[in-house]
Every structure is written in structure tokens, then in C-alpha cells.
Protein chains: 2
Amino acid sequence: MMKKQLIMEKALELFAEQGFEATSVKQITDICGISKGAFYLSFKSKDELILALIDHFMEQITSNIDYVVTNSNDESVLHAFYYEIFTSFHKHSDFAKLLMKEQTQSFNDVFLIKMRYYDQLMDKTILNMIERLYGENVEKTKYDLIFCVKGLMHVYSTLFLFNNVPLDVNVLAKTLVEKTNLLAQHTNTPFISKELMETFGQPMSEEMSADQLIDVINQKIEEMEESIEKESLTLLKQELIEPTLGQAIVKGLIENIRNHPHCKWIAFLLRNHFKV
Amino acid sequence: MMKKQLIMEKALELFAEQGFEATSVKQITDICGISKGAFYLSFKSKDELILALIDHFMEQITSNIDYVVTNSNDESVLHAFYYEIFTSFHKHSDFAKLLMKEQTQSFNDVFLIKMRYYDQLMDKTILNMIERLYGENVEKTKYDLIFCVKGLMHVYSTLFLFNNVPLDVNVLAKTLVEKTNLLAQHTNTPFISKELMETFGQPMSEEMSADQLIDVINQKIEEMEESIEKESLTLLKQELIEPTLGQAIVKGLIENIRNHPHCKWIAFLLRNHFKV
DNA sequence: TTGACAAATGACCACTTAGTCATTATTATA
DNA sequence: TATAATAATGACTAAGTGGTCATTTGTCAA
């Protein structure tokens with residue numbers, strides 16, 4: 001199991017540098033110092049590896065952003081959002097590079113669906129934030145705003161990822177907050193209407209069912225040692241099967257598990273499910 | 001020579017769909033209905049093919065944009081800029097897709113240099129436009145503005161290229177003009193300082209020398225049949241060797257060749273050289 | 001020391017790749 | 001028609017690909 005992590009780490013470096021297609025399994029196993037067979041003991045295929053990488057990092061990044069956004073006040077939420085994103089990208093710069101390089105590529109159906117899934121989660125988070133901050137004022141322009149925010153994120157990420165520009169995340173976040181506010185408060189001409197958004201934005205992937213959630217939780221529970229987190233998770237599972245606890249308790253339980261590295265994603269899914 | 005064009009056309013389609021690395025020479029020759037050998041009669045390598053494609057389209061697009069920008073008044077220049085870009089991308093959508101997919105990829109040094117070169121030309125054009133429109137007001141924020149403009153271009157291009165969104169170029173250009181004006185007129189907090197721009201933006205690739213320009217022109221002249229364009233080009237070559245004509249005449253001569261499909265790029269280079 | 005089980009190996013498979021070149025087909029010239 | 005020049009072919013090479021599996025190695029408890 002240690003090996004799986006080693007492979008993911010080293011492969012990520014290679015993917016970031018050369019791209020996924022240009023990196024061979026042989027190259028990966030060589031710098032890991034393991035045999036080809038050992039690789040296929042950890043991953044069924046090269047594709048499975050990149051999918052695992054995407055999930056591993058996107059779950060982390062997505063849930064962190066979501067938490068930060070839902071737990072900041074209106075004054076600070078935009079700044080917190082940008083700050084969190086760029087901090088994540090900076091910390092996991094190899095993954096961020098991989099993401100940039102492969103996001104328009106399309107070798108694999110599963111890959112594509114996964115990318116679209118996380119992209120839609122991001123859209124949702126941004127939209128949420130925008131609606132909360134500007135309300136009715138951006139009714140006509142909010143979809144354009146999503147794209148503007150993503151466009152800004154994209155260029156500035158490229159800038160510091162591929163040009164080793166020294167990064168002061170705080171300043172960067174500040175400038176983008178200013179720009180976002182400007183665009184939100186003064187834009188009048190929309191390009192993306194609600195209808196347009198719906199025609200191309202394949203119906204937002206619906207949420208996970210309670211049953212699916214329970215499966216994921218069961219799997220995690222088995223991996224965990226006894227702890228407050230495990231207890232909280234067990235209670236939350238119970239709540240999924242048969243709701244009895246109040247909102248406050250549920251929220252508290254989710255808060256308990258939120259910082260456990262293995263639970264971040266589940267915490268995110270549960271927050272979404274219980275809408276707390 | 002016809003064959004070269006056929007290969008470029010068909011290869012572009014494949015590259016746009018599958019990416020450069022994922023497309024094999026065999027695939028290209030198959031849909032062209034030619035043999036492998038015939039391919040290597042037109043191109044020394046697969047790499048040379050993609051470089052030729054980049055040059056072919058980027059020369060066209062870059063020179064068109066430059067012309068449009070330098071020949072629009074302050075009222076309309078921003079709109080003209082966006083309109084021209086998106087029209088080009090829409091018209092050559094396969095090439096635009098290729099560009100998006102491969103712009104962060106880095107298989108090849110020559111490729112990388114080429115991409116950076118055209119990217120810098122674009123930066124220059126945008127900067128020019130911004131300085132002209134907003135002057136002193138954007139002294140501190142103009143570099144950020146370049147990136148904002150590129151970020152907006154990027155997301156909206158992705159949107160209509162990969163999501164078959166119906167494209168009303170006029171409306172799109174309008175919304176982006178509004179956004180650009182907003183950002184230019186009200187942004188106060190810069191992220192990219194002049195120094196920062198200089199540290200990462202390897203010294204702007206210096207202009208072509210007069211001698212190099214003459215070489216390029218000589219080559220073109222041979223390919224052309226007798227015409228006003230050819231005569232103009234010959235006179236311009238003379239002017240490069242020994243300046244005798246006035247600005248007005250030079251400008252007129254460049255105007256003469258500007259619409260000849262083979263001369264667009266040369267017209268661009270000459271406009272830059274004579275600064276007319 | 002033995003035996004049982006899991007972990008790890010790397011030769012090997014079938015296939016694909018970019019690129020070459022002796023050979024053949026086509027065209028133009030005399 | 002004969003000859004020279006050019007265009008086009010596709011079998012071939014050498015290297016590499018993702019993936020497999022019979023075999024070896026390592027690690028336990030008995």
C-alpha cells in the first residue's frame with residue numbers, strides 16, 4: 001500500500017513535466033525502483049493511475065474550497081476562495097500542472113466524465129458564492145461571472161505554475177477580489193444566458209444517493225482506527241439510514257471529521273447532502 | 001506542393017480531435033490516401049508538420065489582428081480586436097482546438113519557442129491597445145490587464161470550441177469590451193509589476209533584422225506571379241536595402257500587399273519594421 | 001528446517017511508433 | 001519511342017508501448 005503512494009508521487013512528477021501520454025509505465029517504474037509487475041499490482045492500468053491522481057487531489061482541493069467558502073462571511077469569502085485555490089495549486093503544483101495540461105485532452109471517457117464532474121462542482125461553488133454576495137444584481141450576468149472567475153484563475157495559475165513567478169498568494173487574491181467585485185457590480189451585457197448554460201452544461205451531475213454515500217462511508221470506517229472521527233462517522237451513517245438527530249448535531253459531527261485527511265471528501269459530500 | 005496542403009488539412013482535423021501525440025503518421029497518410037513515404041516527401045518529420053501548422057495559422061491570425069487593431073479608431077478598437085480573434089478561432093476552429101490542447105504541452109524545444117514567440121506578439125498587441133486607450137491611468141495595472149484579456153479570451157474560446165455553443169461573435173465581443181473597460185478604468189491593485197513582467201517574460205524576442213526580412217521577401221517574390229503585389233514587394237525590398245521613399249509611400253505599398261494571402265505575414269513584419 | 005503464502009520480478013507478447021530506402025510508376029523531354 | 005528525371009510506394013527497421021504471467025524472492029509460523 002506504501003507502494004501505491006510512491007507510484008502516485010513519482011508518476012505525478014513525470015506527468016507534470018512531460019504530460020500523461022508522453023510518460024511510459026517503464027519510466028515510472030524505473031524512477032520508483034520497482035518492476036513493471038509491481039506497478040500492475042498497485043494499478044490495473046496506466047489509466048487507472050491518472051484517475052486515482054485526479055480523484056486524490058480534486059477531492060482534497062474541492063472539499064477544502066467548499067469548506068472555506070461556506071464558512072467565511074460575506075466580507076471575506078471571495079478572498080478566502082481565491083486564497084485557498086491558489087494556495088492549493090501552489091502546494092500541489094505538480095498536480096496543478098497536470099490538470100492544466102490534460103484538461104482539454106480527451107483520451108478516455110471515464111477521464112472526461114471525471115473532469116467534467118469536478119468542473120461542475122467548481123461552477124456550483126462559484127455560483128453559490130456569487131448569488132450570495134450579489135443576489136438579484138447579477139441575475140442576468142451570473143453565468144458570465146462564473147466564466148470570468150475561471151478565466152482569471154486560469155491565466156494567473158498558468159503564470160506562476162509555468163513561469164516560476166514568485167507567488168504572494170495574499171496579493172494575488174486581493175487583486176482578483178477587486179476584479180471580481182468590479183465585474184459583478186457593473187457588468188450589464190451578458191453573453192451566457194440561463195438557457196445557453198442549460199443547453200451545453202449537460203444537466204448538473206446529480207448528487208450521490210444516500211445508499212452510495214453509505215457505501216463510501218462503510219469503506220472508510222473500516223480503514224480507520226478507533227477515534228472521535230470514527231465515532232462521528234458512524235453516527236452520521238446512522239443518520240443517513242434513519243434521520244433522528246437535529247441539524248446542529250449533524251453539523252457538529254461533520255465538523256468533527258472535517259480535518260481528518262481521509263474524511264475531507266466525505267465531509268464535503270455530507271455537507272452537501274444534509275445542506276448544513 | 002498540393003500534397004503538402006492536403007496533409008496539413010487532414011492532419012489538423014486529427015490533431016484537433018485526438019491531440020498531436022495521439023495521432024500517428026499512419027493515420028494521417030491513411031485518410032489522405034497517400035503512402036508513408038509520400039508524407040516524408042512533404043515533411044521531414046511529424047514535428048515539422050505541427051510547426052508548419054502553427055506558423056501557417058498564427059501568421060495569418062496575428063497579422064490580421066495587428067492590422068485590425070492598428071486601423072481602428074479608439075472607439076471601436078477593442079471590439080474589433082475581440083471580434084477578429086473570435087472570428088478567426090471560429091473559422092479555424094480545428095486549429096484553435098489544437099492550440100488550446102497543446103499550448104501547455106512541451107514535447108519540443110522549437111515548438112516551445114514558437115509558441116512563446118506568438119504569445120509575446122499577442123501580449124505586445126494587447127499592451128499597445130491598452131496603452132493607447134487608457135494611457136497613464138493603467139500605468140500600474142496594464143500588465144495585469146494583458147492577463148485579464150487573455151484569460152477572458154481563453155475561457156470564452158474554450159466555451160464555444162469544446163461545447164458547440166452557438167456563437168454570436170458580435171455579442172461576445174461586446175460583453176468583453178464592457179468587461180475590459182471596467183477592469184481598465186477601475187482596477188487599482190496590481191499583481192504583475194513591470195519588474196515581475198521582465199523577470200519571467202524572457203526579453204521580448206527582438207525584431208527580425210533587415211537582412212532576415214529581405215531573405216523572407218526574396219523567397220516570396222520568387223513564388224509570385226507578376227502583379228501589383230509583386231511590384232510593391234520588390235520596391236519594399238529596395239527600401240529595406242536603402243531607404244529613399246517617404247513614410248506615406250511605404251505605408252501605401254504595404255497596404256497594396258496586405259490582402260495577398262501569401263503576403264499578410266510579410267505585411268505585418270514590414271509594418272512593424274517601418275513602424276507605420 | 002520446513003512449508004505455505006504473499007510480494008516482486010523481468011522476460012516476454014502482440015502491437016504500434018516514427019522514419020527509411022530500394023523499388024516501381026509516372027511524367028516530361030528529346 | 002526512348003531516355004532521363006521526378007514522384008510515389010510500402011515492406012522494412014529499430015525502438016518502444018501497455019500489459020501478462022511463470023518464476024523467483026522474502027517472510028512468516030510451526
Side-chain angles (χ1 to χ4, degrees), chain A residues 1-55 98 101-102 105-112 114 222-223, chain B residues 1-56 98 101-102 105-112 114 222-223 225:
Chain A
M1 291 309 98
M2 228 60 267
K3 198 141 289 175
K4 206 161 176 169
Q5 213 172 324
L6 172 71
I7 293 172
M8 284 172 77
E9 269 171 37
K10 298 295 187 183
L12 181 58
E13 288 171 26
L14 290 171
F15 290 163
E17 204 185 304
Q18 316 171 322
F20 174 71
E21 298 223 60
T23 303
S24 73
V25 176
K26 178 77 164 45
Q27 260 182 304
I28 298 169
T29 56
D30 277 359
I31 77 158
C32 285
I34 61 171
S35 69
K36 211 120 171 269
F39 175 93
Y40 285 94
L41 249 46
S42 293
F43 295 96
K44 274 205 281 295
S45 68
K46 196 184 156 195
D47 277 12
E48 204 192 73
L49 167 58
I50 198 177
L51 293 178
L53 279 169
I54 302 275
D55 274 335
L98 172 64
K101 288 197 178 188
E102 312 295 341
Q105 229 67 33
S106 51
F107 17 73
N108 182 316
D109 274 2
V110 190
F111 177 83
L112 219 118
K114 221 176 247 313
E222 275 175 40
E223 295 171 13
Chain B
M1 290 311 96
M2 229 61 268
K3 198 141 290 175
K4 205 160 176 169
Q5 214 172 325
L6 172 71
I7 294 172
M8 283 173 76
E9 268 169 38
K10 298 293 187 186
L12 181 58
E13 287 171 27
L14 291 172
F15 290 164
E17 206 185 302
Q18 317 171 324
F20 174 72
E21 298 224 57
T23 303
S24 73
V25 176
K26 179 77 166 44
Q27 260 182 305
I28 297 169
T29 56
D30 277 358
I31 77 159
C32 284
I34 61 171
S35 68
K36 208 112 172 276
F39 175 93
Y40 285 94
L41 249 45
S42 293
F43 296 96
K44 276 204 279 294
S45 68
K46 196 185 157 194
D47 277 12
E48 205 192 72
L49 167 59
I50 198 178
L51 293 179
L53 280 169
I54 302 275
D55 273 336
H56 176 81
L98 173 63
K101 288 195 179 190
E102 313 295 342
Q105 228 67 33
S106 52
F107 19 73
N108 181 316
D109 275 0
V110 191
F111 177 83
L112 219 119
K114 222 177 246 316
E222 274 176 39
E223 292 172 15
E225 69 293 357

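Worth saying up front: this structure is predicted, and the values here are computed from it rather than measured. The chains referred to below are lettered A, B, ... by the order of the sequence lines, with proteins before strands, and numbering in each begins at 1.
In this structure, the CG atom of B:D47 is 16 Å from the P atom of C:dT17, given to the nearest Å. Atom CE of B:M2 is separated from atom P of D:dT6 by 20 Å (rounded to the nearest Å). Going from atom CG of B:D30 over to atom P of C:dT16 covers 12 Å, rounded to whole Å. Note: CD1 (A:I28) to P (D:dT17) measures 11 Å, nearest angstrom. C:dG19 atom C1' lies 17 Å from atom CD of B:Q27, rounded to whole Å. Between the P atom of C:dG10 and the CZ atom of A:F39 lies a distance of 17 Å, rounded to the nearest Å. Here D:dG18 presents its C1' atom at 16 Å from CD of B:E21, a figure rounded to the nearest Å.
Nearest to the side chain of B:S24, among D:dT17, D:dT9, C:dA18, sits C:dA18. Checking C:dA18, D:dA8, C:dT9 against the side-chain heavy atoms of B:L41 singles out D:dA8 as nearest. Which of D:dG18, C:dA7, D:dA8 sits closest to the side chain of A:V25 comes down to D:dG18. For B:K46, taking side-chain heavy atoms from C-beta onward, the closest of the listed nucleotides C:dA18, C:dA8, D:dG19 is C:dA18.
Contact annotation for B:T23: backbone-only contact, meaning every heavy-atom pair under 4.0 Å involves sugar-phosphate atoms and none involves a base.
Residue A:K36 places a side-chain atom within donor-acceptor reach of the base of D:dG18, judged by atom type and a 3.5 Å distance cut-off alone.
B:K101 places a side-chain N or O within donor-acceptor distance of the main-chain N or O of B:E17, the cut-off being under 3.5 Å. Between the side chain of A:K46 and the main chain of A:S24, no donor-acceptor pair closer than 3.5 Å is present. Between the side chain of B:Q27 and the main chain of B:T23, no donor-acceptor pair closer than 3.5 Å is present. One N or O on the side chain of A:E102 and one on the backbone of A:F20 form a donor-acceptor pair closer than 3.5 Å.
In this structure, B:K26 does not reach the D:dG10 phosphate: none of its side-chain N or O atoms is under 4.0 Å from OP1 or OP2.
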